[in-house]
Amino acid sequence: MPLLPGAEPFRHDGGEIGVLVCHGFTGSPQSVRPWADHLAARGLTVSLPLLPGHGTRWQDLAVTGWQDWYAEVDRELGRLSRTCERVFVCGLSMGGALALRLAAQHGAAISGVAVVNPANRVHDPLAVALPVLRHLVPSVKGIVSDIAKPGARESGYERMPLHAVHSMRRFYRVVDAELPQVTQPLLVMHSPQDHVVPPADSERILSQVSSRDVTERLLERSYHVATLDHDAEFIFEETDTFITRLTAGMGEDTTRTGLGKGSGKEGAAASG
């Protein structure tokens, strides 16, 4: 099955700082590729995998579940960990939930987590009927391209298979229970105007993690897919600052990757 435009996985071999970037549900690497490209241009080693069932047609997603999606990013984390001295995980929407579970499961193997509009639950009132409804209704209207910027478009599915939605809902419950195990430095960037994931999800995550080093940033000009929206450059710069601060002690290796000393505030939550 041919891939959708921009759905190809991306890898870049750079320096000793590695970053795993995770895309969201029904989306593809295209939605976060500018984020990955920016990090690669800074000299980092970057991996952006294509989640199973994504990037082709929605029917392919219907036969996969959260265990498949998580296994893919877990494998990529292992690959980065074998070649990099420090590894960070980033994610958009469900990709943010994947990043948070990696942090909860792998502890000190991950140096920091940066998420954009991370999802924590399925809010549709009909979600409680998913165990039965998924056997009666194959799919519903999709959620791609919630973007404020004129002309910007996300490459993804126009339909959501309910079998996969049901699995995603179960996954969010797993991640929510594990949030107290997240202790790494955390950067949460979220949009007040998001028509897919409400700000309540970021608030829930921030209230449940055990991280002491937490930074919150508001994406005032963007909708859900903020990595393709007006605040994209702001996201990239904030991620730079976050990683720079946390890797400033790496000396010559840090300089070689293009990262100098940052000015982030440890142990503080900020918004802007």
Chemist: If you count every heavy atom of other residues, nucleotides or ligands that lies below 6.0 Å from R170 atom CZ, does the total exceed 12?
Modeler: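 Incorrect, the count does not exceed 12.
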Chemist: Using the rule that Ile, Leu, Val, Met, Phe, Trp and Tyr join whenever any side-chain heavy atoms are under 4.5 Å apart, tell me whether L61 and V144 fall into a single cluster.
Modeler: no
Chemist: For the backbone of L219 and the side chain of S222, can you confirm whether one donor and one acceptor N or O come within less than 3.5 Å of each other?
Modeler: no
Chemist: Which value, rounded to the nearest 0.5 Å, describes the distance between R101 atom CZ and D74 atom CG?
Modeler: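 The CG atom of D74 is 8.5 Å from CZ of R101, to the nearest 0.5 Å.
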Chemist: What orientation do H54 and H23 show, parallel under 30°, tilted 30 to 60°, or perpendicular over 60°?
Modeler: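 Perpendicular.
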Chemist: Testing the 3.5 Å rule here: is there a donor-acceptor pair between the side chains of S93 and N117?
Modeler: no
Chemist: Determine, stepwise, if the pair R33 / E8 fulfils salt bridge (Lys or Arg N to Asp or Glu O under 4.0 Å).
Modeler: CA-CA 10 Å; R33 180 61 183 270; E8 301 84 6; 5.5 Å; no
Chemist: Say whether V128 and L136 are linked into one hydrophobic cluster, either directly or through other cluster members, by side-chain heavy-atom distances under 4.5 angstrom.
Modeler: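 As far as the 4.5 Å side-chain criterion goes, L136 and V128 are not connected within one cluster.
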Chemist: Is it true that D229 and R221 make a salt bridge, defined as a side-chain N closer than 4.0 Å to a carboxylate O?
Modeler: no
Chemist: Has S28 got a side-chain atom pairing as donor or acceptor with S155's backbone, closer than 3.5 angstrom?
Modeler: yes
Chemist: Sub-3.5 Å donor-acceptor pair from the side chain of Q184 to the main-chain atoms of A103, do we have one?
Modeler: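 Yes, the answer is positive, given that a donor and an acceptor are paired below the 3.5 Å cut-off.
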Chemist: Drop me the distance from T241's OG1 to R217's CZ, to the nearest 0.5 angstrom.
Modeler: 8.0 Å
Chemist: Under the criterion salt bridge (Lys or Arg N to Asp or Glu O under 4.0 Å), I'd like the reasoning laid out for E158 against K141: C-alpha separation, chi angles, the key distance, then a yes or no.
Modeler: CA-CA 6 Å; E158 299 298 328; K141 184 179 178 180; over 6 Å; no
Chemist: Go through F25 and W69 one step at a time and tell me if the ring-ring contact (aromatic ring centres under 6.0 Å, His included) criterion holds.
Modeler: CA-CA 9 Å; F25 183 70; W69 314 327; 5.7 Å; yes
Chemist: Do the ring centers of Y157 and W58 come within less than 6.0 Å of each other?
Modeler: no
Chemist: Using modelled atom types only, decide if a donor and an acceptor are shared between the side chain of S167 and the backbone of W66 within a distance under 3.5 Å.
Modeler: yes
Chemist: Mark yes when over 12 heavy atoms from residues, nucleotides or ligands other than Q67 sit less than 6.0 Å from its CD; otherwise mark no.
Modeler: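 Yes.
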Chemist: So, H38 versus D240: side-chain donor-acceptor pair below 3.5 Å or not?
Modeler: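 Note: H38 and D240 side chains meet the donor-acceptor criterion.
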Chemist: Linking I/L/V/M/F/W/Y whenever any side-chain heavy atoms sit under 4.5 Å apart, do I205 and V174 land together?
Modeler: yes
Chemist: Could you verify whether a donor N or O on one side chain and an acceptor N or O on the other, from H123 and D201, lie under 3.5 Å apart?
Modeler: yes
Chemist: With no hydrogens and no angle check, just 3.5 Å: does a side-chain donor-acceptor pair link E220 and Q193?
Modeler: no
Chemist: To the nearest 0.5 Å, what is the distance between CD1 on I243 and CG on L44?
Modeler: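 One gets 5.5 Å once the value is rounded to the nearest 0.5 Å.
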Chemist: Judged by modelled atom types alone, do R86 and T247 share a side-chain donor-acceptor pair under 3.5 Å?
Modeler: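 No - no donor-acceptor pair under 3.5 Å links their side chains.
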Chemist: Is a donor on one side and an acceptor on the other found under 3.5 Å between the side chain of T183 and the backbone of S211?
Modeler: no
Chemist: Judged by atom type as modelled, is there a donor-acceptor pair below 3.5 Å linking the side chain of T45 to the main-chain atoms of G15?
Modeler: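 A pair under 3.5 Å: yes.
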Chemist: Check whether Y223 and W35 end up in the same hydrophobic cluster, where Ile, Leu, Val, Met, Phe, Trp and Tyr are linked by side-chain heavy atoms less than 4.5 Å apart.
Modeler: no
Chemist: Test of understanding: clusters of I, L, V, M, F, W, Y form through side-chain heavy atoms closer than 4.5 Å, transitively. Do F10 and L50 belong to the same one?
Modeler: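 No, no single cluster joins them.
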Chemist: Is a donor on one side and an acceptor on the other found under 3.5 Å between the side chain of D146 and the backbone of H195?
Modeler: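 Judged by distance alone, yes, a pair lies under 3.5 Å.
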Chemist: Would you compute the distance between atom CD of E72 and atom CG of L20 and round it to the nearest 0.5 angstrom?
Modeler: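 Here the rounded value is 9.5 Å.
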Chemist: Would you call D213-R245 a salt bridge at under 4.0 Å N-O?
Modeler: yes
Chemist: Are D176 and R173 within salt-bridge range, i.e. N to O under 4.0 Å?
Modeler: no
Chemist: Can you check whether M160's main-chain N or O pairs, donor with acceptor, with S139's side chain at less than 3.5 Å?
Modeler: no
Chemist: Got a donor-acceptor contact below 3.5 angstrom from the D194 side chain to the S191 backbone?
Modeler: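 Not a single qualifying donor-acceptor pair exists.
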Chemist: Using modelled atom types and a 3.5 Å cut-off, is there a donor and acceptor pairing between side-chain atoms of Q30 and backbone atoms of G6?
Modeler: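 Between the backbone of G6 and the side chain of Q30 there is no qualifying donor-acceptor contact (under 3.5 Å).
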